[in-house]
Amino acid sequence: MAPLKFGIEFVPKEPYWKLTAYAIQAENSGFDNLWITDHYGNRNVYVTLAAAAIYTNKITFGTGVTNPWMVNPVITAQAIATLNELAPGRVVLGMGAGDKTTLEAVGIEMGKPLAAVREAIDMFRKLTSGEKVAFQGEVFKAAGAKFNFKTANKIPVYVGAQGPKMLEMAGKIGDGVLINASHPSDIQFAVQMANEGMKQAGKSPADVDITAYTSFSVNEDPKKAVKAATPVVAFIVAGSPAAVLEKHKIDIAKADELRGALKVGDFPKALAAVTPEMLDAFSICGTPDTCIEKIAALQKIGISQFVVGSPIGTNVKNSIDLIGSKIIPQFK
Amino acid sequence: MDYPKLVEMVPAEKLGPLSDQLLNFILTTKNEGKMPTALANIMLSKMQQGAIKSPSGVAVLMEAALTLEPEKTMAALGEMQLAQLAEAVKGGV
């Protein structure tokens, strides 16, 4: 089995220097990839990545993930290509459909997500290859856009996906697939869908970096690991449709109780409603040994990169140290 | 305050643990707004160069930690039996 790559996700809720310090620490701890989330409410993803580019030496980094709607794909391509000048060959684009609620909050209607992602990636690849973009797509139009500068290397594109059609398309057109899930059954399904798309494109599994983008929490004390994961899982449960909850045999009444509590801002009640089944379905959390076991199970399914996503642990710095000293060496 | 001079008072074997402790205070602080950008950038450069546990790296962390979390930092110096250093900080060396 090929060595598993490790990625880490940071949410730029904190100033650039804190995230950059964590990025340096992650690089020194053996992480291969750094993913920065993109949400208008937080710090800008490209500025955050630029700081990481300047102060790191070898880690690969990218958007985890951006979407085609919030900014025109031409500007996304321009930002990523410019980052590639700061850190040549260490930059990737992570692109997904975006979050409906977030887009609605800024007045953007999310229509035809498959076409939007496909066309945005097509524009990205053409522009960063020095080509002129002229086409009339289902979502985007371009009438001769071209960069006045060259991109030194091909920049890999990862497609963020959850639904079957997006997963299939991700396998077909992506250099990587970012699977937003933590449970083996969800990852298994996603890998199957991505493999289907890869087959259609005549690709082999080695051509695509199949990445599990998980909600993760590690601590030597399992109770502390659970405590850190609980708020994140509460929000995942609240945003999950009934079919997803039923698939994981989650008590719908408990989920409704949790949603109701979150709606009125009663966080203690919402957190108390999080069950072990919910934690198991939507996170990987526990001691380093527990996490190693769960990550190994995902590797057997066919992932080639494991992303440690929010919350990471009760103390991010200590958790990165723990992952670097106890978990990553088991997979290298 | 002459931070490099202060760090001269730290025995070599305590530089690593002190660096870890100070960095922890800095990264978990809620007083982020008090961090001078120039100091933050020097700290990141030291980390990038692998010099954050060296005397010059610890000097930068001392300055940042005393700016962001003075009480916690002074308490940590006491716990780490760096009384002479704590006194020098109080005296504004």
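By convention in this document, chain letters (A, B, ...) are assigned in the order of the sequence lines, proteins followed by strands, and residues within each chain are numbered from 1. Remember, predicted model here, so these are calculated numbers, not experimental data.
- Summarising the local packing, CD of B/Q84 is surrounded by 12 or fewer heavy atoms from other residues, nucleotides or ligands at distances under 6.0 Å.
- No part of B/I52 comes within reach of chain A, as not one of its non-hydrogen atoms sits under 4.5 angstrom from that chain.
- For the pair A/K317 and B/L27, the tightest heavy-atom approach, listed with the atom from each and the gap, is CD-CD1, 4.0 Å.
- One distance of note links CG of B/L44 with CD1 of A/I24; it measures 5.0 Å at 0.5 Å rounding.
- Within a 6.0 Å sphere centred on NZ of B/K14, other residues, nucleotides and ligands contribute more than 12 heavy atoms.
- To the nearest 0.5 Å, atoms OH (A/Y55) and NZ (B/K46) are separated by 12.5 Å.
- Contacts between A/K18 and chain B at a heavy-atom distance below 4.5 Å involve backbone atoms as well as side-chain atoms.
- Other residues, nucleotides and ligands place more than 12 heavy atoms under 6.0 Å from the NZ atom of A/K154.
- With a 6.0 Å radius and a threshold of 12 heavy atoms from other residues, nucleotides or ligands, B/E71 has its CD atom at or below the threshold.
- Taken to the nearest 0.5 Å, the OG atom of B/S45 stands 9.5 Å off from the CD1 atom of A/I54.
- Enclosure of atom NZ in B/K30 is not indicated, since only 12 or fewer non-hydrogen atoms of other residues, nucleotides or ligands lie within 6.0 angstrom.
- Within the 4.5 angstrom heavy-atom criterion, atoms from both the backbone and the side chain of A/T20 approach chain B.
- For A/E14, the part sitting under 4.5 Å from any heavy atom of chain B is the side chain, from C-beta outward, and nothing else.
- Under a 3.5 Å cut-off, the side chain of B/E32 and the backbone N or O of A/W17 do not form any donor-acceptor pair.
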B/Q48 vs A/T56, side chain to side chain contact (heavy atoms under 4.5 Å, CB included): CA-CA, chis, key distance, verdict: CA-CA 6 Å; B/Q48 183 181 26; A/T56 58; 5.6 Å; no
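- For B/Q81, the CD atom is loosely surrounded, since the number of other residues' heavy atoms within 6.0 Å does not exceed 12.
- The shortest heavy-atom contact between A/A21 and B/M43 is CB-CE, 4.4 Å.
- In this structure, no portion of A/D321 lies under 4.5 Å from any heavy atom of chain B.
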